[in-house]
Amino acid sequence: MRSTTSPDATAVGEPMTSGPAAGTDGRLIYRLLLAVDIEKYSMRGAREQFLVQTDLCRALDTAALRAGLDRRLWEREVRGDGELSVLPEGVDASQVIGGFTRELGRAIGALNLGQPQRPRLRVRLALHHGTLTAGPFGPAGDAPIVVSRLLDARPVRAHLARRQDLDLALVISASLYQDVVRTGFCALDPERFQALRIKVKGTAYQGYTYVPAGRARAALVPRQGVPRPPGSHLPLTPEAKVLSLPRPDGIAAR
């Protein structure tokens, strides 16, 4: 998997042999994965694609710094409209879920507020932890597939398209919710998450979307020359779920 932080570290077609995802001997490693994707990227021209890539990179760097994370240590697979990142061994998952996600929402909001003449940067963010191994074309294993399926889930895309007041849609895997969020060590309230289930190519994937306390603002229709207020919440509402899963004891459905 190629890292954008070290463009000269590996030749084309060669696996990355250093960094948190290293392990070309075929061994499995257990890591936290993060995937992010820009909404309506393909509808932008080449110059706007370059600018929005730059904006997203800046927002990710800012959020990581403010959350106490070193993004230079992430193994990153660039995808044009986003990236798949494998975080270093020992990273605090609760810090990423509760701190980094909030800071990313704030960083994107600040960028949008400062650039009212540009199309808004709006992204989907997925998190999962699991096993993978480094391969010549990127990480291989179940974990990269799970986080990618959650990121690309149709209900998440549809929700972000409907909710024009939001800048960031957050979805995490069911295992990450159970292992980290429910423990109470994460800054995000477990009761603010709602279950979703999707089925892709015959395989079911379960996740949880974060729903901020209180009702979000109505969709905004900005006037010409009037700044669009950035989304102040991490998204997703109940309409994003496909099937309702049984919720853990003590977690009331919203």
Side-chain angles (χ1 to χ4, degrees), residues 34-44 48 51-53 55-60 62-64 66-67 81-83 96-128 147-173 176-177 181 186-196 198 207-223 226-242 253-254:
L34 177 154
V36 63
D37 183 85
I38 301 170
E39 182 190 50
K40 297 182 179 179
Y41 178 81
S42 62
M43 298 177 63
R44 303 170 189 255
E48 184 58 37
L51 292 174
V52 78
Q53 283 187 21
D55 286 345
L56 177 58
C57 188
R58 185 185 309 164
L60 289 166
T62 298
R66 291 176 176 172
D81 58 351
E83 70 178 40
V96 176
I97 299 172
F100 173 78
T101 58
R102 287 185 179 275
E103 293 297 344
L104 182 59
R106 294 186 180 115
I108 294 173
L111 281 171
N112 288 333
L113 187 62
Q115 303 174 148
Q117 75 285 0
R118 294 256 313 277
R120 281 171 60 199
L121 172 61
R122 307 179 73 231
V123 305
R124 302 185 313 281
L125 174 66
L127 298 170
H128 175 56
V147 74
S148 297
R149 296 302 190 206
L150 292 175
L151 181 71
D152 293 334
R154 183 178 297 178
V156 180
R157 289 177 175 271
H159 173 77
L160 188 59
R162 287 192 300 267
R163 293 293 303 274
Q164 292 299 307
D165 57 317
L166 302 177
D167 294 323
L168 176 64
L170 172 65
V171 58
I172 67 174
S173 65
L176 199 55
Y177 173 84
V181 176
C186 176
L188 299 183
D189 187 347
E191 296 190 17
R192 295 286 95 209
F193 284 82
Q194 293 196 347
L196 73 84
I198 59 173
Y208 281 80
T209 58
Y210 181 71
V211 183
R215 300 188 62 179
R217 299 188 301 273
L220 302 175
V221 183
R223 297 189 300 275
V226 177
R228 300 180 180 93
S232 58
H233 303 291
L234 292 179
L236 293 187
T237 58
E239 53 211 83
K241 60 187 178 184
V242 178
R254 296 284 170 178

Atom [atom1] in [X], atom [atom2] in [Y]: separation rounded to 0.5 Å?
X: Gln164; Y: Leu166; atom1: CD; atom2: CG; answer: 9.0 Å
X: Ile38; Y: Leu56; atom1: CD1; atom2: CG; answer: 4.5 Å
X: Arg120; Y: Leu113; atom1: CZ; atom2: CG; answer: 11.0 Å
X: Leu196; Y: Thr209; atom1: CG; atom2: OG1; answer: 5.5 Å
X: Glu83; Y: Leu60; atom1: CD; atom2: CG; answer: 5.5 Å
X: Asn112; Y: Asp55; atom1: CG; atom2: CG; answer: 8.0 Å

**OP:** With the side chain counted from C-beta on, respond yes when Gln115 and Leu51 share a heavy-atom pair under 4.5 Å apart, and no when they do not.
**Re:** no

Original post:
Are the side chains of Leu188 and Leu170 in touch, meaning some heavy atoms are under 4.5 Å apart?
Top reply: yes

Original post:
salt bridge (Lys or Arg N to Asp or Glu O under 4.0 Å) with Arg124: which residues, sequence neighbours excluded?
Top reply: Asp37, Asp152

Apply side-chain hydrogen bond (donor to acceptor under 3.5 Å, both in side chains) to [X] and list each qualifying residue two or more places apart in sequence or on a separate chain.
X: Asp81; result: none
X: Arg44; result: Glu48
X: Ser148; result: Arg79
X: Arg66; result: none

**OP:** Starting from the C-alpha separation in whole Å, work towards a yes-or-no answer on ring pair (Phe, Tyr, Trp, His ring centres under 6.0 Å) for Phe193 and Tyr208.
**Re:** CA-CA 6 Å; Phe193 284 82; Tyr208 281 80; 7.0 Å; no

For the residue pair [X] and [Y], what are the closest heavy atoms and their distance?
X: Ala107; Y: Ala59; value: CB-O, 3.8 Å
X: Gly99; Y: Ala67; value: C-CB, 4.0 Å
X: Asp167; Y: Gly109; value: OD2-CA, 3.6 Å
X: Arg102; Y: Ala187; value: NH2-O, 4.3 Å
X: Arg58; Y: Leu111; value: NH1-CD2, 3.5 Å
X: Gly114; Y: Pro116; value: C-CD, 3.4 Å

Original post:
Between Leu125, Leu151, Thr101, which is the residue that forms a side chain to side chain contact (heavy atoms under 4.5 Å, CB included) with Leu34?
Top reply: Leu125

**OP:** Please name all residues satisfying side chain to side chain contact (heavy atoms under 4.5 Å, CB included) with Gln53, sequence neighbours left out, ordered by chain then number.
**Re:** Tyr41

**OP:** Not counting sequence neighbours, which residues clear side chain to side chain contact (heavy atoms under 4.5 Å, CB included) with Ala153? List them please.
**Re:** Pro155, Val156, Ile198

